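A quick note: this is a predicted structure, and the numbers were derived from the prediction, not measured.
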Amino acid sequence: MHKDIATPIRTQEILKKYGFAFKKSLGQNFLIDTNILRRIVDHAELNEESGAIEIGPGIGALTEQLAKRSKKVTAFEIDQRLLPILKDTLSPYDNVTVILEDILKANVEKVIAEEFAGIDDVMVVANLPYYVTTPIILKLLTENLPIRGLVVMLQKEVADRIAAKPGTKEYGSLSIAIQYYTEAETVMIVPKTVFMPQPNVESAVIRLMKRAKPIVEVKDEEFFFTVTRSSFAQRRKTILNNLTSQLPDGKSKKDQILRALEQTGVDPTRRGETLSIEEFGRLSDALLLHFK
């Protein structure tokens, strides 16, 4: 029986065998606690017919747990120094493919079609590199891929912002962008001690389950996101001030912005963080007439 990858001793052995040095620029922090990995996989609710996409497999600690519980695992790795290590550590599993490619540049839809042919249930499960967490999640959601959802480890502070509710200081345009597509909930807080090397920040696992359709129906999605981002540009400012200063030609269209706020029943002196996603949806549709 081969030993689990995710123990401090086994991780040290592997790194030493290959003379591997961590690259700070790639945000490499490997997990060394098998129980935590199993719990992450539990939250993905995989079965023998599921496919799993992993991003940044490292030396294969999470990959191994995914391989044990799904039909097929496809992992994207950016550091080619890890390929021979993964070939070695994952040799007991014949259901894993590692692709040397930056997920942000990859044609993920094509990869899913090729790698998971005949598999209807695909989840993204990953310990994400913290410096590119948000772009990765947004790419996977905006490309409308055939995935059930994501279970990802990320900085706790980012997880708090993603899952935040209106009226809290964490709530912002990121909360809206991700909750528009998914139901978001933080499912685990992960201590620094289970990583090698230990990161400087607290980590959390967030589960993002895709909605059948976005939480609000808007006439123009791109404009909706422009309105939400503009509303949080300066957190101390009122929604009227933010929209006036941030929207294209906002200053000359202040009257129209006021009218749209009145129409949708939003007090112009409110701040962005007090508006629900539904309110933003109505507001962006009302503003659309004047800005497109």
Side-chain angles (χ1 to χ4, degrees), residues 2-41 43-44 46 52-70 72-93 95-106 108 111 115 123-133 135-137 140 150-156 158 188 190-206:
H2 70 283
K3 302 193 292 271
D4 277 328
I5 296 166
T7 65
I9 293 169
R10 179 100 156 87
T11 300
Q12 291 281 20
E13 281 172 3
I14 294 164
L15 297 177
K16 198 171 162 192
K17 177 178 172 183
Y18 287 92
F20 183 84
F22 293 96
K23 267 193 185 164
K24 220 178 163 99
S25 64
L26 295 177
Q28 288 169 332
N29 301 91
F30 298 163
L31 276 158
I32 49 170
D33 185 315
T34 311
N35 288 330
I36 296 252
L37 289 165
R38 287 188 187 129
R39 283 175 59 203
I40 292 171
V41 179
H43 286 298
L46 303 168
I53 295 173
E54 192 188 0
I55 297 143
I59 57 171
L62 176 59
T63 327
E64 171 177 63
Q65 302 302 328
L66 291 169
K68 288 177 182 177
R69 284 206 250 166
S70 63
K72 176 83 205 275
V73 184
T74 297
F76 287 88
E77 179 51 65
I78 202 171
D79 186 351
Q80 64 187 48
R81 300 175 306 153
L82 288 164
L83 295 189
I85 303 180
L86 288 163
K87 194 174 176 183
D88 176 1
T89 59
L90 299 172
S91 58
Y93 308 97
N95 59 341
V96 178
T97 306
V98 179
I99 298 174
L100 181 66
E101 193 173 6
D102 180 348
I103 186 86
L104 289 172
K105 297 182 180 137
V108 184
V111 170
E115 294 286 326
M123 280 293 283
V124 174
V125 189
N127 167 19
L128 292 175
Y130 290 177
Y131 69 107
V132 283
T133 304
I136 290 173
I137 294 175
L140 296 173
L150 301 87
V151 173
V152 290
M153 171 125 63
L154 63 178
Q155 234 170 297
K156 182 178 177 295
V158 180
M188 274 169 74
V190 183
K192 299 174 189 180
T193 47
V194 301
F195 293 95
M196 183 186 293
Q198 287 191 23
N200 306 324
V201 293
E202 265 199 292
S203 304
V205 175
I206 197 160

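From Ile136, atom CD1 reaches atom CD1 of Ile55 across 5.5 Å, with rounding to the nearest 0.5 Å. From Met188, atom CE reaches atom NZ of Lys156 across 13.5 Å, with rounding to the nearest 0.5 Å. The CZ atom of Phe30 lies 12.5 Å from the CG atom of Leu62; values are rounded to the nearest 0.5 Å. Interatomic distance, Glu54 CD to Thr63 OG1, rounded to the nearest 0.5 Å: 3.5 Å. Residue Glu101 holds its CD atom at 8.0 Å from CD1 of Ile103, rounded to the nearest 0.5 Å. From Ile32, atom CD1 reaches atom CZ of Phe195 across 9.5 Å, with rounding to the nearest 0.5 Å.
Asp102 places no side-chain N or O within donor-acceptor distance of the main-chain N or O of Ile78, the cut-off being under 3.5 Å. Using a distance-only test at 3.5 Å, with no hydrogens or angles considered, a donor-acceptor pair links the side chain of Thr34 to the main chain of Ala6. A distance-only check finds no donor-acceptor pair linking the side chain of Arg81 to the backbone of Tyr18 [under 3.5 Å]. A donor-acceptor distance shorter than 3.5 angstrom exists from the side chain of Thr11 to the backbone of Ile5, with no hydrogens or angles considered. Side-chain atoms of Asn127 come within 3.5 Å of backbone N or O of Asn29 as a donor-acceptor pair. Looking only at distances, no side-chain donor or acceptor of Ser70 sits under 3.5 Å from a matching main-chain atom of Leu46.
Residues Leu150 and Leu140 come closest through the heavy atom pair CD2-CD1, 3.7 Å. Considering all non-hydrogen atoms of both residues, Val96 and Ala67 come closest at CG2-CB, 3.7 Å. The heavy-atom pair separating Asp4 from Arg10 by the smallest distance is O-CG, 3.4 Å. Closest non-hydrogen pair, Lys17 versus Asp88, comes out as NZ-OD2, 2.7 Å. Residues Pro8 and Met196 come closest through the heavy atom pair O-CE, 4.0 Å. Closest approach of Leu86 to Gly58, counting heavy atoms only: CD2-O, 3.3 Å.
Between the side chains of Gln155 and Thr133, not a single donor N or O lies within less than 3.5 Å of an accepting N or O.
Shown here are the salt bridge (charged side-chain N to carboxylate O under 4.0 Å, His left out) partners of Lys16, two or more places apart in sequence or in another chain: there are none.
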Criterion side chain to side chain contact (heavy atoms under 4.5 Å, CB included) on Val151 and Met123, from CA distance to verdict:
CA-CA 8 Å; Val151 173; Met123 280 293 283; 3.7 Å; yes
Would Leu154 and Ile137 count as a side chain to side chain contact (heavy atoms under 4.5 Å, CB included) if you check the C-alpha gap in whole Å, the side-chain angles of each, and the deciding distance to 0.1 Å?
-> CA-CA 11 Å; Leu154 63 178; Ile137 294 175; 4.1 Å; yes
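Using a 4.5 Å cut-off on side-chain heavy atoms (C-beta onward), Met153 and Leu31 make contact. Looking at Val98 and Lys87, their side chains never come closer than 4.5 Å, going by heavy atoms from C-beta outward.
For Asp33 and Arg39, the salt-bridge test fails: no basic side-chain N is under 4.0 Å from an acidic carboxylate O.
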